[in-house]
Structures are given as C-alpha cells and as structure tokens.
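All values below come from the heavy atoms of this structure, side chains included, with hydrogens, waters and symmetry mates left out.
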Amino acid sequence: DRFRGKNVTLNVYNWGEYISDGADDTMDVIQEFEDLTGITVNYTTFDTNESLYAKLKSGGGDYDIIIPSDYMIGKMINEGMLEELDMSNIPNFDLIEENCKSQSYDPDNKYSVAYTWGVVGVVYNTAMVDEGDLEQGWGILWDGKYADNILMFNNSRDAFGIAAKMLGHSLNPATQAEVDAAAQKLKEQKAVVQSYVMDEVFDKMAGGEAALAPYYAGDGITMMSENPELNMFLPAEGTNRFGDAMCVPKGSRNKEAAEMFINFMCETEVALANTEYICYSSPQKEVRALLPPELAESELMYPSEEYLALCEPFNVLPDEINSAMDKAWSDVRSYDTSGNGWVFPLLLLAMLVMAGIGYWRKFTRKRKQQY
C-alpha cells in the first residue's frame with residue numbers, strides 16, 4: 001500500500017496483444033496490479049522496436065516501463081536511454097531462468113528483466129498452401145505460386161533476418177555487402193508480396209486474406225486458435241530466437257513504482273496468465289509446469305534443443321550497419337516491381353527537354369525583336 005492514495009500513474013508501453021487483458025475470463029493483469037497497489041496504469045502499445053526507439057529518442061514519450069527486444073535493449077543501453085534497476089525492489093528476479101539472465105545485451109542484469117522469449121516461424125493457411133511446399137523452408141515466401149497471398153514483416157530487422165537465412169548468412173550483418181545482398185533478395189521477393197504488416201497480420205490471416213506470413217510463434221498460436229485452417233511451421237534452416245524484457249527508460253518519474261510493476265509481472269500466477277493468453281514462451285521458472293499440455297509440449301512455444309541450436313539472436317549492430325540497413329530497407333520498400341521503373345525518369349527528361357525548347361524559342365524571339 002506504499003503508493004495507495006498518492007495519485008501515482010505508471011505509463012507502460014508494450015507490444016500489441018502482449019498482456020493478459022481479462023478477455024475470455026482470463027486475468028486482467030493491469031486491473032489486478034491497480035487493485036493491489038492503488039497505482040493507476042496508463043497502458044499503450046507499439047508495433048515495432050524501431051517505432052518505440054524513434055518515439056523515445058525524439059522525446060515524444062513519457063514512459064515508466066517499456067518492453068523492447070534484445071537488440072534494441074542493447075542499443076538503448078549503449079545510448080544511455082535506460083535507468084539502472086534496483087534489484088532489491090525486484091526480488092522475483094530470482095524466479096527467472098538462468099538461461100534468460102546475463103544476456104549479451106545486458107550481461108550484468110542491470111537494465112532489464114526478461115518478459116518472454118520465442119522464435120519466428122511461418123503461419124500458413126492449410127486451405128491455400130500445399131503442405132509439400134513447406135519443404136522449401138523460408139523459400140516458400142518467395143514462391144510465385146503464392147503471389148499476392150504472401151505477407152511480410154514491416155520492419156527491417158526481421159525482414160533482413162529472413163533474407164539472410166535464405167542466403168546462408170548470419171542474421172547479424174557485418175558488412176555493407178551482406179546488407180546489400182539481403183536487400184537484393186527482398187527486392188526479388190517484393191513482386192509476390194501482398195503487403196508488409198505488423199499487427200495487421202492478425203486480421204488478415206484470421207480472415208483468410210492471405211496464405212502465408214512470417215511472424216512470432218506466440219502470435220502464430222493465437223492466430224491458429226482464431227482460424228482452424230491456420231497452422232505454423234518452423235523453417236528447417238533455423239530462425240531468430242528473440243527475447244523481450246522489461247526496462248525503465250531514463251528519466252522515469254516513478255522508478256520505484258515501475259520496479260514494483262516489473263516484480264509483479266514475475267509473480268508465478270501473473271506470468272502464467274500472461275503466457276496462457278499471449279502464448280509466448282515464459283522465462284519464469286515455475287510457469288511451464290503449470291501450462292496445459294498443448295502449450296507446455298508445443299514445439300512452437302518450446303522448440304527442441306536441437307532446433308534452438310540452429311537459431312540465432314539479433315545482436316546490437318554497429319551504427320554504420322544500422323544506417324546501411326535503414327537505407328537499404330527504404331530502397332526495398334520503394335522498389336518498383338512493375339518493370340516500368342524507367343517511365344518516370346523518361347517523362348521527367350521529356351519535360352525538361354520541352355521546357356528547354358520553350359525557353360530557347362522565347363529567347364530567340366527576343367533577340368529577333370532587338371534587331
């Protein structure tokens with residue numbers, strides 16, 4: 001009751017569809033926290049790590065708790081954007097699995113507490129996709145047979161990661177050449193892509209508007225529960241293994257209350273409710289044993305150690321590689337697949353020529369008048 005009656009408000013910024021909200025008789029986690037502490041929670045969502053970063057970097061957000069992914073946490077740490085946590089306010093940190101602590105982006109566990117982890121796979125509509133084509137792995141997302149029925153990530157890191165896997169490269173490019181090669185692969189794909197999506201993927205796949213979509217496994221399980229024709233597979237080449245964690249942005253005016261919220265999220269009952277609702281793998285030690293078998297034994301939620309050995313995390317990239325990727329992603333998104341990319345430059349040249357001829361005629365008329 002430390003904060004009860006003190007009009008404390010926590011601004012929490014999280015991914016969409018990423019907390020148990022009381023639907024279908026589940027726990028309303030935010031309401032439970034508010035009832036327990038007397039703290040008001042202002043809860044809003046983002047759809048990509050990049051949009052989260054841009055908002056905080058521009059000073060446009062006044063948040064107390066954010067839940068970014070691994071590589072973005074590392075970037076924010078490097079840029080001094082996160083507060084160091086007081087772990088004496090987060091005793092439930094002891095309930096986090098050891099393999100989800102001391103990650104490369106936060107080796108001393110100073111700035112983050114794991115929230116979920118998972119892998120990326122491909123959601124597909126069984127009524128629209130031939131099962132034999134799944135043997136292509138990531139290549140199915142380039143298959144012209146499914147042109148205009150393929151969705152693709154609308155963020156550079158995930159999109160470039162998939163292209164890198166197609167090329168047999170690391171998910172973490174080290175050179176301009178690797179960035180360029182992935183960009184070229186994405187340009188080759190663009191002709192078959194219906195649209196680039198993030199949260200829009202739920203409605204499109206549930207509504208049968210597309211046949212294939214790469215996405216996070218937890219969300220894939222959620223989509224499958226909403227449309228029985230949907231399934232998901234993990235490409236044989238391996239994939240990205242990601243981790244999302246709770247952090248306090250620099251300048252939070254309610255740091256102690258924020259740490260109380262983080263500690264609450266690590267409670268077994270709360271972590272279990274979140275895991276059952278969002279279907280992402282939990283880093284909390286006690287949760288898996290309490291899950292129903294269809295989740296606890298799901299290869300999507302808890303892939304085998306053999307498959308995880310094929311997976312790779314996103315690391316923090318050097319600034320020059322990030323810049324190169326941002327530029328290359330912009331080029332991919334603006335790439336013209338119609339084969340008519342020459343039309344506009346030609347029309348522009350013609351307009352310039354006509355303008356030049358008009359100017360020359362006007363100039364020569366003036367000279368004749370002078371004489």
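Aromatic ring centroids of Phe242 and Tyr216 lie under 6.0 Å apart.
Residues passing the side chain to side chain donor-acceptor pair (under 3.5 Å) test with Asp331 are Lys327, sequence neighbours excluded. Looking at residues two or more places apart in sequence or on another chain, you find a salt bridge (charged side-chain N to carboxylate O under 4.0 Å, His left out) between Glu98 and Lys101.
For the 3.5 Å distance criterion, the side chains of Asn322 and Asp319 fail to qualify, holding no donor opposite an acceptor. In this structure, a donor-acceptor pair under 3.5 Å is absent between the side chains of Asn263 and Glu259. Remark: the Ser20 side chain and the Asn274 side chain contain no N/O donor-acceptor pair separated by less than 3.5 Å. With 3.5 Å as the limit, one finds no donor-acceptor pair spanning the side chains of Asp70 and Gln103. Judged by distance alone, the side chains of Asn42 and Thr9 never bring a donor and an acceptor atom under 3.5 Å apart. Using modelled atom types, one finds a donor on one side chain and an acceptor on the other under 3.5 Å when comparing Gln176 with Asp180. Side-chain atoms of Ser252 and Asn254 include no donor-acceptor pair closer than 3.5 Å.
Rounded to the nearest 0.5 Å, atoms CG (Leu10) and CD (Glu34) are 9.5 Å apart. The CH2 atom of Trp329 lies 6.5 Å from the CG atom of Leu186; values are rounded to the nearest 0.5 Å. The OH atom of Tyr146 sits 6.5 Å away from the CG atom of Leu212 when rounded to the nearest 0.5 Å. Between atom OG1 of residue Thr45 and atom CD1 of residue Ile19 there is a gap of 11.5 Å, rounded to the nearest 0.5 Å. The OH atom of Tyr53 sits 12.0 Å away from the OH atom of Tyr71 when rounded to the nearest 0.5 Å. One finds the OH atom of Tyr111 at 9.5 Å from the CD atom of Glu83 (value rounded to the nearest 0.5 Å).
Connection of Val332 to Leu167 is not established within any shared hydrophobic cluster, with ILVMFWY side chains joined at heavy-atom distances below 4.5 Å, either directly or through further cluster members. Placement of Met198 and Val193 within a single hydrophobic cluster is found when ILVMFWY residues are connected by side-chain heavy-atom separations under 4.5 Å, directly or transitively.
Of all heavy-atom pairs spanning Ser195 and Val197, the tightest one is OG-CG1, 3.5 Å. The minimum heavy-atom distance between Pro173 and Met325, with the atom names listed, is CG-CE, 3.6 Å. Between Asp158 and Asn240, the shortest heavy-atom contact is OD1-OD1, 4.3 Å. When all heavy atoms of Leu141 and Ile150 are compared, the closest pair comes out as O-CD1, 3.4 Å. Taking every heavy atom of both residues into account, Phe160 and Ala328 meet most closely at CZ-CB, 3.7 Å. Summarising the geometry of Pro235 relative to Val120, their closest heavy-atom pair is CD-O, 4.4 Å, with the distance given to 0.1 Å.
Relative orientation of the Trp15 and Tyr18 rings is perpendicular, given thresholds of 30° and 60° on the angle between their planes. Ring orientation note: the planes of Tyr63 and Tyr13 are close to parallel, at an angle under 30° on the 30°/60° scale.
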Review item, side-chain donor-acceptor pairs of residues 265-272, under 3.5 Å, at least two apart:
from, atom 1, to, atom 2, distance (Å)
Glu267, OE2, Asn92, ND2, 3.3
Thr268, OG1, Gln284, NE2, 2.9
Thr268, OG1, Glu286, OE1, 2.3

Take Tyr215 and Val201, measure what side-chain contact (heavy atoms from CB on, under 4.5 Å) needs, and give me the verdict at the end.
CA-CA 8 Å; Tyr215 220 66; Val201 71; 3.7 Å; yes
Passes side-chain contact (heavy atoms from CB on, under 4.5 Å), Val29 versus Asp21? Steps please.
CA-CA 6 Å; Val29 168; Asp21 63 3; over 6 Å; no
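Pairs engaging residues 121-130 under the salt bridge (charged side-chain N to carboxylate O under 4.0 Å, His left out) rule: Asp130-Lys145 [sequence neighbours left out]. Among residues at least two apart or in separate chains, side-chain hydrogen bond (donor to acceptor under 3.5 Å, both in side chains) pairs with a member in residues 161-170 are Ser170-Glu312. For residues 193-213, the salt bridge (charged side-chain N to carboxylate O under 4.0 Å, His left out) pairs, not counting sequence neighbours, are Lys204-Glu209.
Arg157 and Glu50 are not joined by a salt bridge, as no carboxylate oxygen comes within less than 4.0 angstrom of a charged side-chain nitrogen.
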